[in-house]
Amino acid sequence: VIHNSRSIIKPLELDLYIPEKNLAIEFNGIYWHSSCDVEESKTQKHKHVRKTDLCRSKGIHLLHIFENEWAAKKEIWKSMIKSNLGVSDRQIIAEKCSIKNIDHIDSNNFFRDNHLEGSIPPTKAVGIYCEDELIMAAAFIEDSLIRVCCKLNTNVIGGLGKIFKFVDGRFFFVANKKYFNENDVDSKHVLLRETCPRIFDVSGRDKTTRFAWDCGDYIFLINDDLQ
């Protein structure tokens, strides 16, 4: 593991870089990566996405961990890091599992416990089951896949592709560039565009309101070849 290097994406620094995994991790402390003033924070709008895109140009996947998220959702972040390192506690092959539509209650409970951004009120949700255990889920709003994740400490091999095949017709997949690896989507699907970074609240335990910028989203068009 290489710590605090400025030689990989010169002149910018990476907190952690694991060359054999092509994985980098940034721990974004609230003081240095946010502002109390919305207008002032705009000077940092491209601060994080610039590092992400420089890493992408070198084939490196970068995870941005904000201090407030680590404090509130440490177990989810630990699970995501293990998944990206290929050392999840459980490795389950999706082909050996069943998939079906799930109700909103099961969807909301699953994403509340397992997704960094929590649950959403979906118009449709599907789940992958290992026997009777829900191990991966996807939630849609209209024609867009907005949430997808595995159960904590579980990697469902081929799970994303299984979900894509299960859903009829074309749809959009919205994935957060702050942590999603674009290479997890098969090249037969189309990366339509990337959105601009968004401002979000990173207020800490001291109750002071602070704002930071994420990295925007990837917008994929899935199953375009079916039309």
Side-chain angles (χ1 to χ4, degrees), residues 1-18 23-58 60-84 108-109 111-122 139 141 144-149 152 172-182 193-219:
V1 178
I2 299 173
H3 298 264
N4 305 112
S5 173
R6 292 185 180 272
S7 65
I8 300 159
I9 52 169
K10 297 178 182 179
L12 303 181
E13 182 180 50
L14 287 176
D15 291 342
L16 292 174
Y17 175 48
I18 304 138
L23 180 69
I25 299 174
E26 281 286 289
F27 188 79
N28 297 330
I30 297 304
Y31 182 81
W32 295 108
H33 291 263
S34 68
S35 173
C36 294
D37 182 82
V38 172
E39 288 302 314
E40 181 183 312
S41 76
K42 290 180 180 178
T43 62
Q44 299 184 346
K45 182 174 182 178
H46 299 284
K47 179 184 180 78
H48 304 116
V49 72
R50 183 184 177 200
K51 282 192 175 183
T52 291
D53 289 340
L54 285 171
C55 282
R56 287 169 66 197
S57 71
K58 295 180 177 294
I60 300 169
H61 179 211
L62 175 59
L63 302 175
H64 286 275
I65 304 176
F66 282 83
E67 181 182 351
N68 64 312
E69 293 175 338
W70 183 255
K73 299 194 174 184
K74 185 179 296 184
E75 294 308 311
I76 293 178
W77 262 119
K78 286 180 179 179
S79 177
M80 292 170 65
I81 292 169
K82 286 195 289 186
S83 177
N84 278 279
N108 288 337
N109 289 340
F111 288 112
R112 179 197 64 210
D113 295 339
N114 298 285
H115 197 285
L116 192 64
E117 298 171 77
S119 62
I120 56 169
I141 295 179
S144 295
L145 171 55
I146 304 296
R147 292 278 192 279
V148 62
C149 73
L152 286 186
F172 300 102
F173 174 31
V174 182
N176 196 321
K177 288 179 65 177
K178 187 171 66 176
Y179 53 78
F180 186 79
N181 188 345
E182 63 180 314
R193 63 188 179 94
E194 299 170 35
T195 68
C196 293
R198 293 178 302 264
I199 195 169
F200 68 108
D201 188 340
V202 291
S203 302
R205 285 173 288 185
D206 63 356
K207 308 301 181 183
T208 302
T209 301
R210 299 189 69 90
F211 303 96
W213 292 84
D214 70 5
C215 301
D217 293 323
Y218 297 114
I219 310 292

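- Across F200, W213, F27, a single residue satisfies ring-ring contact (aromatic ring centres under 6.0 Å, His included) together with F66, and that is F200.
- Nearest approach of F211 to C36, heavy atoms of both residues: CE1-O, 3.9 Å.
- Using a 4.5 Å cut-off on side-chain heavy atoms (C-beta onward), I76 and N114 make no contact.
- Here the side chain of K73 pairs no donor or acceptor atom with the backbone of N68 at under 3.5 angstrom.
- Closest approach of P122 and I141 over heavy atoms only: CA-CG1, 4.5 Å.
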Evaluate the criterion side chain to side chain contact (heavy atoms under 4.5 Å, CB included) for residue pair L16 and H3; output intermediate values, then yes/no.
CA-CA 5 Å; L16 292 174; H3 298 264; 3.1 Å; yes
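- The environment of R50 atom CZ is sparse: at most 12 non-hydrogen atoms of other residues, nucleotides or ligands sit within 6.0 angstrom.
- Formation of a donor-acceptor pair under 3.5 Å by the E13 side chain with backbone atoms of R6 is not found in this model.
- Side-chain atoms of H46 never come within 3.5 Å of backbone atoms of C196 as a donor-acceptor pair (strictly under, hydrogens ignored).
- Taken from CG in N176 to CD in E117, the straight-line distance is 5.0 Å, to the nearest 0.5 Å.
- Panel note: side chain H64, backbone C215; no donor-acceptor pair is recorded below 3.5 Å.
- Between the S119 side chain and the F111 main chain, no donor and acceptor come within less than 3.5 Å of each other.
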Show your working on side chain to side chain contact (heavy atoms under 4.5 Å, CB included) between R56 and D53 and close with a plain yes or no.
CA-CA 5 Å; R56 287 169 66 197; D53 289 340; 2.9 Å; yes
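- The closest donor-acceptor contact from the side chain of R147 to the backbone of N108 lies at 3.5 Å or more, if one exists at all.
- Residues K78 and I81 form no side-chain contact, since every pair of their non-hydrogen atoms from C-beta on lies 4.5 Å or further apart.
- Rounding to the nearest 0.5 Å places CG of L14 at 5.5 Å from CD of E26.
- Between the side chain of S203 and the backbone N or O of R210 there is at least one donor-acceptor pair closer than 3.5 Å.
- Atom CG of residue D214 and atom OG1 of residue T195 lie 7.0 Å apart, to the nearest 0.5 angstrom.
- Between the OG1 atom in T52 and the CD atom in E194 there is a gap of 10.0 Å [rounded to 0.5 Å].
- Using a distance-only test at 3.5 Å, with no hydrogens or angles considered, a donor-acceptor pair links the side chain of S5 to the main chain of S7.
- How far NZ of K177 is from CZ of R198: 10.5 Å, rounded to the nearest 0.5 Å.
- A salt bridge links E69 with K178: the distance from a Lys NZ or Arg NE/NH1/NH2 to an Asp or Glu carboxylate oxygen falls below 4.0 Å.
- The two residues W77 and L116 have their closest heavy-atom pair at NE1-CD1, 3.4 Å.
- Nearest heavy atoms, D15 versus I25: CB-O, 3.3 Å.
- L145 and A139 get closest at one heavy-atom pair: CD1-O, 3.4 Å.
- Rounding to the nearest 0.5 Å places OG of S34 at 7.0 Å from CD of Q44.
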